[in-house]
Amino acid sequence: MADIVQQRLEDRIPALEQLERVGLFTNKEVKSMLKRSTALEYKLHRTVQSKDDFITYIQYEINVLELIKKRRARIGYHFKREEIEYPIIHRINHVFRRATTKWQEDVQLWLSQVAFNKKWGTKTQLSKVLSSMLAIHPDKPALWIMAAKCEMEDRNSSESARHLFLRALRFHPENKKVYQEYFRMELMHAEKLRKQQQELEQAKIDVGEYNFSPEILSGKLAEVVYRDAAQKIKGAEFILSLLQIAAIFDFTKELQDTILQELQSQYVDDCMMWDFMAKRELDAAGAPELQSAKGRASDTDRREERCCVVYEEALKSLNTEAMWTCYVTFCLERYKRKTNVNELKEKRKERLLRVLQSAHDAKLLQESFYKNWHLVKMVLQIAITATQCFSQSFEMWSFSLQTLVQLESTEAGHLFQEALKHVNPKVAVVPQLPLSGTSSNSRFALIRLLSLVPAVSSAMKEKYLEWSYKTGGYKRARKTFTSLHEHRPFTKAFFMKMIEIEKEQETPKMSNLRDYYERALREFGCSDEDLWMDYIKEELGRHGNPENCGKLHWRAVKTLEGESVERFTTQYTLLQTGHV
């Protein structure tokens with residue numbers, strides 16, 4: 001091992017001497033680098049090798065390269081790169097190669113080597129690394145795409161990129177992403193050739209017998225890719241993704257028309273196709289640019305109406321929930337767009353309400369849209385109807401109940417009773433009922449409703465107290481506690497939450513703490529020895545009165561029942577002796 005390390009260190013010497021000779025490093029720095037390199041080399045040649053040692057070695061060498069780059073820029077010296085940087089780059093790639101051979105499954109290690117070679121411009125080495133990586137990981141489509149992009153963008157080789165995509169399709173014949181990027185690559189290749197031809201024509205350079213193929217320039221290779229993809233992968237969504245890629249390039253009108261015609265003929269029963277065709281009306285050529293805001297708003301309204309006509313046409317042959325979802329989503333998006341023209345805003349609102357009602361009448365309105373309907377127009381019937389359509393939905397019952405409370409409807413109690421028949425009151429209703437955003441009267445109405453069910457009421461009190469403290473601070477929490485502390489049932493957590501809130505204040509009042517503990521003991525003092533112990537500890541604390549502990553002990557022994565007395569006595573004794 002020592003001989004190998006010594007040989008590698010000797011191989012470094014010429015580059016180190018050059019660094020000192022040209023003034024990039026001092027003699028002291030060179031010696032320090034040699035010492036550090038020796039330690040790193042020995043780690044790489046240990047019997048049990050660690051991946052971290054390889055990474056540390058590589059990072060050190062990269063740091064040296066970065067430092068050389070900065071010092072070159074500082075002193076303005078740009079010579080002898082072959083004698084200084086190239087040996088370091090070669091050494092880093094050698095260590096990367098050893099690491100990837102030993103830990104072949106580590107994709108991140110391969111990607112680090114790729115990134116290193118891209119940064120330092122070693123194009124030949126980059127191709128070798130990509131080939132080795134793909135030979136080990138042919139099952140990862142993302143790596144094939146990345147390799148092809150490297151060939152296309154970094155090495156400027158469309159032929160190599162095409163070859164890689166074709167190989168990728170042998171392993172992944174139905175992968176959408178591979179086909180999309182292959183399609184994009186062919187269009188980029190055609191665009192590059194068109195630019196080259198244009199530059200040559202402008203410069204009036206005679207290229208002799210070489211001619212640019214009109215078929216390639218017009219994107220025929222991309223069309224071949226499209227047809228192959230369309231045969232293997234079905235679905236309007238995928239075809240639309242190819243159409244959107246083609247739309248990026250300004251020379252693909254013929255190709256776009258071809259894709260569009262086949263899309264319309266083959267996917268009449270796909271809502272994605274109809275959704276795309278409808279939204280195209282927004283971008284269709286219309287009137288010339290209008291100056292006034294009302295004129296532009298009127299033109300926008302006409303375009304949106306044309307979109308709706310397409311959606312209505314689609315629903316005649318494709319009356320499904322998915323199609324209605326596309327239609328409602330479009331209307332909702334347009335309604336949410338900001339405009340200063342009130343007429344347009346009102347028309348969008350009317351259109352949205354009309355479509356929501358139509359979808360509901362067809363019993364094909366998605367659950368989530370009922371909430372949007374409520375936001376646009378708070379209607380009592382919407383809330384009730386929503387629960388009928390989605391009787392097993394926790395969120396829908398919660399939404400509908402809150403709506404009725406906000407409207408102060410007398411139907412709220414009846415609806416709540418209906419909810420309890422369909423959902424678990426403690427698990428489902430309480431967590432789903434939002435308190436924020438409701439008025440004070442609505443919140444108290446909500447609490448009154450929840451008091452109908454003991455399991456819900458007790459849990460809801462704690463939730464309401466916590467919300468009051470978070471939103472209104474200590475004073476609101478105190479007010480909430482005062483309004484609820486006489487309304488049973490209670491949980492111990494309700495009182496402990498108020499005690500916790502009081503103790504969080506800068507100067508907690510002991511009189512308040514005693515009141516909370518006394519109220520809690522009134523409910524749970526017969527069986528909860530821990531509550532008594534907490535009260536006693538509070539009196540022993542900074543704000544309490546230790547003289548009260550004896551009275552509390554006497555009361556606890558008289559009040560507690562069964563085994564709770566023994567447990568309390570044991571804990572109190574431990575407290576007295578300082579073991580608690």
Tell me if a side-chain donor or acceptor on Tyr226 pairs with a main-chain N or O of Leu242 at a distance below 3.5 Å.
no
Hey, are [X] and [Y] close enough for a salt bridge, meaning a charged N less than 4.0 Å from a carboxylate O?
X      : Y      : result
Lys220 : Glu223 : yes
Arg12  : Glu61  : yes
Arg91  : Asp11  : no
Glu538 : Lys503 : yes
Glu181 : Lys177 : yes

Shortest non-hydrogen separation from Leu193 to Ile216 and the atoms involved:
CD1-CG2, 3.6 Å
Residue pairs, two or more places apart or on separate chains, that pass salt bridge (Lys or Arg N to Asp or Glu O under 4.0 Å) and touch residues 114-128:
Glu66-Lys119, Lys118-Asp154
Can you name the salt bridge (Lys or Arg N to Asp or Glu O under 4.0 Å) partners of Glu466, sequence neighbours left out?
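If we apply the salt bridge (Lys or Arg N to Asp or Glu O under 4.0 Å) test to Glu466, skipping adjacent residues, the hits are Lys470.
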Do Leu16 and Phe25 touch side chain to side chain, with heavy atoms closer than 4.5 Å?
no
In the structure I gave you, are the side-chain heavy atoms of Arg227 and Thr258 within less than 4.5 Å of one another anywhere?
yes
For Tyr182, is the NZ or CZ atom of Arg162 found under 6.0 angstrom from the centre of its six-membered ring and inside 45 degrees of the ring axis?
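No, Arg162 does not lie over the aromatic ring of Tyr182.
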